[in-house]
Protein chains: 2
Amino acid sequence: MSETKPMTAAGRRILDAAGELFYSRGITAVGVDLIAEHSGVTKRTLYNQFGSKDQLVVAYLEEREQRWQLLVRETIAAAASPIEAVLAPLEAQRTWNQNNPRGCAFINALAELPDPTHPAHVVATQEKQWLIDLFRELAAAAGCSAPDTLATQLLVLHEGALVTQQLSLDTLSVSIKLARELVLAATSTESQAASA
Amino acid sequence: MSETKPMTAAGRRILDAAGELFYSRGITAVGVDLIAEHSGVTKRTLYNQFGSKDQLVVAYLEEREQRWQLLVRETIAAAASPIEAVLAPLEAQRTWNQNNPRGCAFINALAELPDPTHPAHVVATQEKQWLIDLFRELAAAAGCSAPDTLATQLLVLHEGALVTQQLSLDTLSVSIKLARELVLAATSTESQAASA
DNA sequence: CCTACAGTACACCGATCGGTAAAGGAGTGT
DNA sequence: ACACTCCTTTACCGATCGGTGTACTGTAGG
């Protein structure tokens with residue numbers, strides 16, 4: 001279930017090289033020749049393994065999605081309480097960002113591939129959908145009164161921290177702190193209603 | 001001061017066409033031939049006017065920056081109070097997004113042009129710097145106790161709302177509502193300190 | 001009238017783009 | 001011995017990339 005394809009050794013190297021290059025330099029800016037060269041593989045092998053550049057891009061995004069979602073799930077599992085679990089995706093970002101200084105690969109992919117019918121575009125949007133659904137579930141599990149609103153707020157904070165990462169400011173810490181206050185406020189049984 | 005270059009009629013059409021194409025399809029994905037064709041101009045004229053594609057990209061971003069900052073300033077001037085003025089950039093986004101459904105052109109540019117030495121990259125980062133500085137000034141003018149923190153929070157909300165715009169959710173309204181609460185809390189003289 | 005300049009038309013450049021053809025070497029299982 | 005898969009090598013394809021050279025036209029100003 002975790003691995004749908006056996007993936008040959010050459011295929012792995014190709015996907016690794018593509019991952020680094022696509023993320024660090026941008027998808028459109030990286031050609032298949034460069035990927036083949038960096039993975040020590042012939043262009044022919046690349047096409048035998050992935051069929052086309054678009055499919056390689058999809059494989060690249062899907063693998064990133066799997067790794068990211070795995071990290072999030074692990075962080076949730078390690079959370080001390082349901083309330084801390086709601087903040088887990090934000091906390092996971094702290095770990096993730098250390099090796100990924102170029103922001104969100106899915107957002108970047110959406111910026112480069114505007115065509116909604118492009119398979120890579122679909123993968124990227126699905127990832128964001130997965131995240132907000134997760135926030136909603138976690139919020140509900142923590143006993144939040146309005147899971148939808150809180151999930152949207154957390155998604156905004158998550159994406160905002162992600163996209164401002166490239167600036168010098170430590171926006172992630174600010175986002176997590178604010179997110180914690182929101183979660184605590186939303187799960188406490190006291191006075192809460194739509195403010196003016 | 002507002003116009004450093006006279007800009008011929010052909011130059012205007014080129015910049016207009018480049019603006020539409022770069023924003024809607026992505027910078028790397030759009031070639032100079034396509035821009036020349038869409039602006040009803042020869043490629044030669046394009047190069048006589050702008051010198052290179054990179055310089056055209058810079059001109060594109062700079063003009064967007066001018067238009068956006070003008071809108072923000074107008075919204076600030078129309079604000080009913082210093083507190084509402086802090087929210088003006090968020091409110092301006094509501095207007096702006098109607099004609100710009102593809103998110104932030106500067107963020108997209110950063111995604112496509114990772115090279116920090118690229119002139120377009122510099123312009124894009126400067127724009128974000130301008131915004132957080134503006135938030136800080138507005139927060140201070142509104143009598144906020146901790147302008148830096150509030151400014152960072154508002155920047156995160158701003159960018160988060162911008163980048164999640166492409167999803168179906170109305171994240172901007174949620175962001176503005178939350179931002180208003182933050183501003184009100186930060187400008188009230190009552191109990192406020194770092195929470196747990 | 002003449003110059004200066006903006007713009008056009010068109011051909012051209014080397015480089016790179018994504019993708020393919022054909023043939024063969026190396027390892028494995030039958 | 002056989003076929004099969006994986007991968008290699010080399011060469012090639014049409015298209016497009018950013019960018020240039022050159023010669024011509026229209027038009028406004030001195």
Side-chain angles (χ1 to χ4, degrees), chain A residues 3-61 109 112-115 117-121 123, chain B residues 3-61 109 112-115 117-121 123:
Chain A
E3 37 185 334
T4 56
K5 304 163 190 174
M7 177 78 62
T8 66
R12 254 267 54 89
R13 271 182 296 150
I14 294 170
L15 199 48
D16 287 342
E20 287 187 24
L21 292 170
F22 281 154
Y23 181 70
S24 62
R25 305 192 194 182
I27 294 173
T28 315
V30 171
V32 287
D33 300 79
L34 187 64
I35 296 172
E37 182 187 344
H38 269 68
S39 50
V41 151
T42 324
K43 200 159 55 152
R44 186 75 252 193
T45 304
L46 191 155
Y47 276 92
N48 285 340
Q49 290 290 325
F50 295 95
S52 71
K53 184 187 178 180
D54 278 354
Q55 291 176 263
L56 178 58
V57 172
V58 170
Y60 149 66
L61 289 178
E112 289 199 74
L113 311 169
D115 180 9
T117 68
H118 194 292
H121 190 105
V123 174
Chain B
E3 39 184 334
T4 55
K5 305 163 189 175
M7 177 78 62
T8 66
R12 256 266 53 90
R13 271 183 296 149
I14 293 170
L15 199 47
D16 288 342
E20 287 186 23
L21 291 170
F22 282 155
Y23 181 69
S24 62
R25 305 192 194 183
I27 295 173
T28 315
V30 170
V32 287
D33 300 79
L34 186 65
I35 296 172
E37 183 188 342
H38 269 68
S39 49
V41 152
T42 326
K43 200 160 54 156
R44 201 76 187 89
T45 303
L46 191 155
Y47 276 92
N48 285 340
Q49 289 291 326
F50 295 95
S52 70
K53 184 187 177 179
D54 277 355
Q55 291 176 261
L56 178 58
V57 172
V58 170
Y60 148 67
L61 289 178
E112 289 199 73
L113 311 169
D115 181 9
T117 68
H118 194 294
H121 189 106
V123 174

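Owing to the predicted nature of the structure, the values given are computational and were not obtained by experimental measurement. So you know, we letter chains A, B, ... as the sequences are listed, proteins then strands, and number each from 1. What's counted below: heavy atoms across the whole structure, side chains too, no hydrogens, waters or symmetry copies.
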Nearest of D:dT8, D:dT20, C:dG18 to any side-chain atom of A:K53?
C:dG18
What is the distance, rounded to the nearest whole Å, between atom CD of A:Q49 and atom P of D:dT5?
13 Å
Ranking D:dG19, D:dC7, C:dG18 by distance to the side chain of B:Y47, first place goes to D:dG19
Whole angstroms only, please: what is the CG-P distance between B:D33 and C:dA11?
15 Å
Could you please name the option among D:dT10, C:dG19, C:dA9 that lies closest to any side-chain atom of B:T42?
C:dA9
Could you tell me the separation between the CG atom of A:N48 and the P atom of D:dT8, rounded to a whole number of Å?
10 Å
Main-chain N/O of B:L113 paired to B:H121 side chain as donor or acceptor, under 3.5 Å:
yes
Given C:dG7, C:dC17, D:dG19, identify the nucleotide with an atom nearest to the side chain of B:S52.
D:dG19
Measure the distance from CD1 on B:I14 to P on D:dG18 and round it to the nearest whole Å.
14 Å
Among the nucleotides D:dT8, C:dG18, C:dG7, whichever has the atom closest to the side chain of B:T45 is C:dG7
A:T8 side-chain N/O to D:dT5 phosphate OP1/OP2 under 4.0 Å:
no
Can you check the A:Q55 CD to C:dG19 C1' distance for me, whole Å?
12 Å
Starting from C1' on D:dC7, measure out to CZ on A:F50 and report it in whole angstrom.
14 Å
When B:D54 and A:G40 are each assigned the nearest nucleotide of DNA chain D, the 5'-most assignment goes to A:G40
Counting heavy atoms from C-beta on, name the nucleotide in D:dG18, C:dA21, C:dA6 closest to the side chain of A:R44.
C:dA21
When rounded to whole Å, the NE2 to P distance for the pair A:H118 and C:dG18 reads 11 Å
Side chains of A:D33 and A:K43: does their closest heavy-atom pair fall under 4.5 Å?
yes
Looking at A:Q49 and A:G11, would you say the former's side chain and the latter's main chain have a donor-acceptor pair under 3.5 Å?
no
Decide yes or no for A:R44 and A:N48: does some side-chain heavy atom of the first lie under 4.5 Å from some side-chain heavy atom of the second?
yes
What are the two closest heavy atoms between A:Q55 and A:F50, and how far apart are they?
CB-O, 3.1 Å
In whole angstrom, give the distance that lies between atom CD1 of B:I27 and atom C1' of D:dG18.
15 Å
